[in-house]
Amino acid sequence: MNPEEFRRHGRQVVDWIADYLAGIESHPVMSQVKPGDIRRALPPAAPERGEPFEAVLSDLGRILLPGITHWQHPGFFAYFPSNASGPAILGDLLSGGLGVQGMLWVTSPACTELETVVVDWLAGLLGLPEHFRTDRAGGGVIQDSASSACLVALLAALHRASGGRIAADGVTRRYTIYVSSQTHSSLERSARITGLGAAGVRVVDVDPRTLAMDPGHLRALLDRDETDGAVPAMVCATVGTTSTTAVDPVPAVGELCRERGIWLHVDAAYAGVAAVCPELRWLNEGVAEYADSYSTNPHKWLLTNFDCTVLWMADRAPLLDALSVMPEFLRNPATATGSVVDYRDWQVPLGRRFRALKLWAVIRWYGAEGLRAHIRKGVALAQELASWVSADPGFEVHEPHPLGLVCLRPVWPGLAADAADRATMRLLELLNASGSVYMTHTRIGDRVVLRVAIGGVATERRHVEQAWEQIRWEHAALSATLP
Ligand code: PLP
């Protein structure tokens with residue numbers, strides 16, 4: 001494709017995306033296809049001869065679109081939001097257009113230096129501590145996902161806990177990490193990847209009401225493990241758990257980590273970006289004082305297309321020591337001076353995309369006030385929904401719900417817990433099959449609840465109102481069919 005052909009097809013693609021976003025409400029939110037439908041509709045082998053780009057666009061609409069679940073649909077309330085916005089889409093396009101690979105400063109200085117500036121900007125916007133800035137001992141880096149951020153934090157933590165020996169000797173002692181039952185599963189995967197295994201993961205109790213980590217039980221586990229000869233390497237506190245947005249007590253957990261020299265990682269994948277609003281800065285409590293590393297996902301709720309997780313460290317040295325390996329083919333004069341940042345040492349892969357472009361585009365397009373307005377809209381709609389739910393005797397709302405997620409439990413009079421849970425799951429199926437909303441569920445204690453996660457770019461009050469009306473209607477209709 002030459003540049004003139006690219007110009008023509010590029011315009012078609014931008015028009016396609018604009019039309020798609022403008023008409024997104026005409027699609028069922030959740031794809032209704034069956035497993036294998038899309039695969040069967042596609043040719044089994046690659047074409048021998050090139051095809052016109054129009055054929056690709058035509059098949060996108062005809063074959064693939066029915067198999068798309070529309071995450072940007074205003075009725076998407078599942079999981080957590082995964083915001084896409086115009087400036088981020090265009091930033092990604094520019095990144096693709098430049099086609100640079102920013103593994104080292106020298107392989108594209110602007111790719112590295114823009115990233116450093118943008119993650120420092122974001123730290124400032126979120127009120128994160130000065131020592132997270134790259135001109136201090138710390139620094140931020142864009143990772144593909146929060147899972148990678150946790151893994152990288154664990155590698156740094158293990159490096160520090162082993163006095164640097166792990167890089168040479170491997171895992172020769174019993175290292176342990178501490179999570180709660182509400183911590184994201186990526187921590188267990190990180191433990192498996194690093195060779196600690198599930199046996200190295202210690203699960204701390206949570207407060208049964210708030211679902212926040214119990215620091216008293218953490219202390220007890222640490223005492224027991226240390227007595228047994230284990231080396232506690234990392235505690236992961238979560239600010240905004242995946243299931244219910246519970247917030248672990250970072251100051252109390254951090255105090256225990258400090259006393260014993262244990263690495264504290266704070267996983268704020270969903271909730272962290274909300275600290276762009278001063279009234280939500282309480283989310284950062286204890287981070288400045290205690291966090292060795294901290295991560296949040298602009299690709300969830302901060303208007304930036306997947307993938308974009310930012311990981312900050314209070315001291316970058318353990319991470320760089322853990323991951324720096326210098327083969328001959330990467331040697332270059334800039335790296336040799338020690339005065340440039342080479343982000344390949346801050347992540348697992350060598351190569352890296354120019355992700356900073358989209359975050360830069362987002363921050364410049366919306367400005368701090370636009371980012372705050374987006375978060376505030378999601379929080380306000382969630383609070384309004386929670387007030388409607390609590391006022392309805394047919395439902396119970398899980399407290400607290402300080403952000404954009406509301407967990408609600410339909411009441412099924414006369415049904416035992418198991419049957420009631422099955423009825424709740426049936427209700428969820430009916431809602432999702434309707435095509436106008438997509439929600440997911442979780443368990444709180446031993447009961448199933450519906451999760452309504454608000455914060456999509458296109459979601460307005462009317463969509464939340466419609467979703468609530470639909471939940472009530474389907475609940476009433478289903479109740480009428482039950483014994
Ligand atoms: N941590 C928390 C608290 C999350 O909620 C999630 C995803 O929802 C993750 C980690 C994993 O995020 P990612 O998909 O970026 O790996």
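The first residue in the sequence is number 1, and the count goes up from there. Computed from a predicted model, the values in this text were never measured in an experiment. When a ligand or atom number is given, it counts from 1 through the structure's own listing order.
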When only distance counts, is Thr241 in polar contact with ligand 1, meaning an N/O pair under 3.5 Å? no
Checking the N or O distance criterion of under 3.5 Å, is ligand 1 in contact with His299? yes
Among Ala269, Ala146, Ser82, Cys150, closest by any non-hydrogen atom to atom 15 (O) of ligand 1: Ala146
Take Glu115 and Trp360, measure what side-chain hydrogen bond (donor to acceptor under 3.5 Å, both in side chains) needs, and give me the verdict at the end. CA-CA 8 Å; Glu115 183 158 331; Trp360 189 50; over 6 Å; no
Are Ser436 and Gln470 close enough that a side-chain donor and a side-chain acceptor fall under 3.5 Å? yes
For atom 14 (O) of ligand 1, what is the nearest protein heavy atom, given as residue, atom name and distance? Lys300 NZ, 4.1 Å
Taking the six-membered ring where the residue is Trp, are the ring centres of Tyr20 and His70 under 6.0 Å apart? yes
Gly240 heavy atom under 4.0 Å from ligand 1: yes
Using a 6.0 Å distance limit plus a 45 degree cone around the ring axis, check whether Arg472 lies over the aromatic ring of Phe395. no
Strictly under 6.0 Å, is that where the ring centroids of Trp301 and Phe80 end up? no
Structural part of Phe80 in contact with ligand 1, heavy atom criterion under 4.0 angstrom: side chain
Passes side-chain hydrogen bond (donor to acceptor under 3.5 Å, both in side chains), Tyr294 versus Thr296? Steps please. CA-CA 7 Å; Tyr294 174 92; Thr296 188; 4.9 Å; no
Contact check: Asn297 vs ligand 1, nitrogen or oxygen atoms, below 3.5 angstrom: yes
Does NZ or CZ of Arg344 fall inside the cone over Trp346's six-membered ring, less than 6.0 Å from its centre and within 45° of the axis? no
For the 3.5 Å polar cut-off, considering only N or O atoms, please tell me whether Ser147 and ligand 1 meet it. yes
For atom 6 (C) of ligand 1, what's the nearest protein heavy atom and its distance? His184 CD2, 3.3 Å
Students should be able to answer this: which protein heavy-atom is nearest to atom 5 (O) of ligand 1, and at what distance? Thr242 OG1, 2.9 Å
Asp37 side-chain N/O to Lys34 backbone N/O, donor-acceptor pair under 3.5 Å: yes
How does Asp267 reach ligand 1, if at all, at less than 4.0 Å between non-hydrogen atoms: by side chain, backbone, both, or neither? side chain
Quick look: Asp307 vs ligand 1, heavy-atom contacts under 4.0 Å, and the answer is neither
